[in-house]
Amino acid sequence: MKKWIDRIARWVFTVSGFTTSVVILLIIGFLFTEAAGLFRNPIVEEGYVLALNPKNPVKELSAEQIKQLFDEDITNWKEVGGPDLPVRVFRLEDLDQLYTEEQLGAEYEFAGAKIAEQVQQSPGIVAFVPDVLVQEAPGVRCLPDRTIPLKDVLLGAEWYPTATPSPIFGILPLVSGTIWVSFFAILIALPFGLAVSIYLAEIAPEKVHKLFKPVIELLGGIPSVVYGFFGLAVIVPLLQQTFGLPVGESGLAGSIVLAIMALPTIITVAEDAMRNCPRTMREASLALGATRWQTIYKVVIPFSITGITSGVVLGIGRAIGETMAVLMVTGNAAILPSSILEPLRTIPATIAAELGEAPAGGAHYQALFLLGVILFFITLFINSCVEFVSARNKFKR
Amino acid sequence: MNKIEAKNVDFYYGSFHALKHISLDIPQNEVVAFIGPSGCGKSTFLRLFNRMNDLIPGTRLTGQISIDGTDIYGRSVDVDLLRRDVGMVFQRPNPFPKSIFENVAYGLRVNGVKDRAFIAQRVEEALKGAALWDEVKDKLKESAYALSGGQQQRLCIARAMAVEPSVLLMDEPASALDPISTAKIEELICDLSGRTTVVIVTHSMQQAARVSNKTAFFYLGEMVEYGETKKIFTNPDQEATQNYITGRFG
Ligand SMILES: Nc1ncnc2c1ncn2[C@@H]1O[C@H](COP(=O)(O)OP(=O)(O)OP(=O)(O)O)[C@@H](O)[C@H]1O
Ligand SMILES: [Mg+2]
């Protein structure tokens, strides 16, 4: 009988452990395949081409150049390595202004010919049109399209996921936004968190400890929207006044809110770790004539360093992955920040804000999955750094 | 000459009266053993000499304890200095999460010693004194937790001795050790007598008889008898002492 219970228990644990691991691996696999799909998308929106006059020798355009052409930031072909020719931007809608409905046909059946006419007439034209309309048209050269290059995504400094004709998925502003906000959040949270946990574990009288500990644990349970709202109502205007900013929504506002949110985690975990330092260890130090402070930083902290770092890592983890509060106070400008006082945007905030408007399976959707993968790697990196550091601490129990 | 003098000491854990009216003098550079059944207050009394019980909230002391003629519970006493001079070895080994070397050097470092050569020399002497040097001299940089329990306890003794205290308090230092390590520690205590005042709590009658000059017998928070070790073990005045050392109770 006992043997059977033992066997069943072992079986249950094995199966549940195995399925959980497999499910997690599948989720990660799903994340990666979706993200990799981005690099199979053409630069120009699926189903469309850029049509040029055959006399225009330009062979290829990057997504950024296309965007600048259509934004009319580039007005001459020589800026993109072509001849000295003024650019004429042409969109499908322009047909309606140039031709009457009869000329285009009730079903747009003559649209292809008309586009071809326009392209032949002006050598500097770049026409963004459905590929079916111009594929067979004479005297029209379709710009050969490529898939989105890895480099433009990873090192791209611009994030315009909804730009037409070609969206730009440079993730650098979002990655740096995340890193800036998290870095400053930790910079703020770490000293306060350690100070408070040392105070609570070592210095506070029992009464104060009994009062404070539950309050701090309670703070950890407050939903992040509430912190975001607090940030919006208090910290943002405060920053705006103190630094004389045009807008208070900034990276620093995000960092402060995140620091406040990470504090309860850091404090509770680090404090627990320090409380776990055996009394005899403290007594041994004090018995050698060490002061209370020497005992704290030479014995208690080294003893509980693993616990303290895991508190800090959990805190950082919360900061990096936090979405709502950051979304509310950072101003959400997907630009490369040059100062922490400027608005910026983090990866989680981007995913949360844009997933709703990105059609499933499209390039934008896949780009958001790629952001998820990047986030995954950032967390992985931080975790392994911590592993490395605590593995080097060979004096642990 | 007396190193430690305790007069009319009463000690309370909250409302629990743990030590009842104890007076005893410990002569300089001699070894004094505290014996008695478990829970009779030996550790409590020992921990009064370096004010370790200050750390326990809700305790209260009346009476007077002085070392070298100064009341150690007086207002002007620097507790850290007192503890530097009154070393302590605990019942269970409690090395720090540091290397073997740093464990022994700790007391010197926290007391502001900077001279590396001096520290290295003191560490070596202390480890030799604790009969541990030969076993660890090639792995001083390794974690103290890599040592066996008995080695850890000897490390803790070396750690306490590295600061050269004038009093060494030992709370059952050998209770977790094998006979060989125990013998080494007893040898060490014998070496120390004549240079250092040693107060040792022990449950082993043989140990008390071997190492101490004087022995105090405690029972239920009271000190029943105190005298020359030889007399206590051969011809005690009190019947309770007689019963205890002959193993009839306790
Ligand atoms: N921190 C404490 N709080 C309350 N009571 C305590 C505390 N430490 C010890 N006591 C009580 O004081 C009495 C004496 O304890 P103490 O540790 O001095 O005994 P001991 O003689 O050293 O015993 P043992 O030989 O088992 O170590 C015991 O009854 C114990 O329950
Ligand atoms: Mg004891």
Side-chain angles (χ1 to χ4, degrees), chain A residues 194 197-213 270 272-311 386 388-397, chain B residues 43 46-47 49-58 78-113 141-146 152 155-156 159-165 167-171:
Chain A
L194 287 186
S197 54
I198 289 174
Y199 171 74
L200 281 183
E202 300 291 326
I203 299 164
E206 201 52 34
K207 270 186 203 148
V208 178
H209 182 263
K210 278 219 178 83
L211 183 73
F212 266 74
K213 192 81 193 278
D272 281 344
M274 280 189 259
R275 288 230 153 203
N276 274 337
C277 178
R279 206 185 68 184
T280 58
M281 190 94 71
R282 274 171 239 263
E283 287 185 346
S285 169
L286 293 168
L288 286 163
T291 61
R292 200 167 173 181
W293 171 238
Q294 283 173 325
T295 303
I296 292 173
Y297 86 96
K298 287 187 164 209
V299 175
V300 178
I301 291 181
F303 182 86
S304 39
I305 191 72
T306 336
I308 295 174
T309 31
S310 57
V386 170
F388 179 73
V389 171
S390 55
R392 271 171 42 120
N393 173 21
K394 59 181 170 158
F395 300 123
K396 59 187 176 193
R397 279 240 185 229
Chain B
S43 302
L46 191 74
R47 288 160 58 88
F49 299 152
N50 64 348
R51 295 187 56 168
M52 247 338 151
N53 288 332
D54 291 12
L55 305 173
I56 302 169
D78 181 336
V79 184
D80 300 323
L81 277 182
L82 167 78
R83 289 184 183 144
R84 191 205 163 287
D85 194 46
V86 182
M88 185 161 204
V89 176
F90 296 79
Q91 182 165 353
R92 258 181 235 131
N94 51 359
F96 299 132
K98 298 177 183 297
S99 69
I100 293 171
F101 184 92
E102 284 305 321
N103 260 280
V104 184
Y106 185 86
L108 297 167
R109 291 204 200 279
V110 295
N111 286 294
V113 179
K141 290 212 157 52
E142 280 174 35
S143 167
Y145 296 129
Q152 287 187 10
L155 181 72
C156 293
R159 180 175 72 186
M161 298 205 330
V163 287
E164 302 186 285
V167 179
L168 190 60
L169 309 173
M170 303 177 110
D171 193 351

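Residue numbers start from 1 in every chain, and the chains themselves are labelled A, B, ... in the order their sequence lines are given, proteins ahead of strands.
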Which one of B/Leu82, B/Asn111, B/Val163, B/Asn50 has the most heavy-atom pairs closer than 4.5 Å to chain A?
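Greatest number of close heavy-atom pairs with chain A: B/Asn111.
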Nearest 0.5 Å, please: how far is [atom2] in [Y] from [atom1] in [X]?
X	Y	atom1	atom2	value
A/Arg279	B/Met52	CZ	CE	9.5 Å
A/Leu286	B/Asp54	CG	CG	10.0 Å
B/Tyr106	A/Thr295	OH	OG1	4.5 Å
B/Asp80	A/Gln294	CG	CD	7.5 Å
A/Glu283	B/Ile56	CD	CD1	6.5 Å

Please report the closest heavy-atom contact between [X] and [Y], naming both atoms and the distance.
X	Y	answer
A/Ala284	B/Phe90	CA-CE1, 3.6 Å
A/Leu288	B/Ala160	CD2-CA, 4.0 Å
A/Met281	B/Phe96	O-CE2, 3.5 Å

With a 4.5 angstrom heavy-atom cut-off, could you sort out which part of A/Arg282 is near chain B: side chain, backbone, both or neither?
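No part of it gets close to chain B.
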Check for a donor-acceptor pair, side chain of B/Lys98 on one end and backbone N or O of A/Lys298 on the other, with a separation under 3.5 Å.
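Such a contact is found between B/Lys98 side chain and A/Lys298 backbone.
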Determine whether a donor-acceptor pair (N or O, by modelled atom type, separation under 3.5 Å) exists between the side chain of B/Asp85 and the backbone of A/Gly289.
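Looks like no, no N/O pair under 3.5 Å.
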[X] versus chain A, the contacting section by heavy-atom distance below 4.5 Å:
X	value
B/Val79	neither
B/Leu55	side chain
B/Arg92	neither

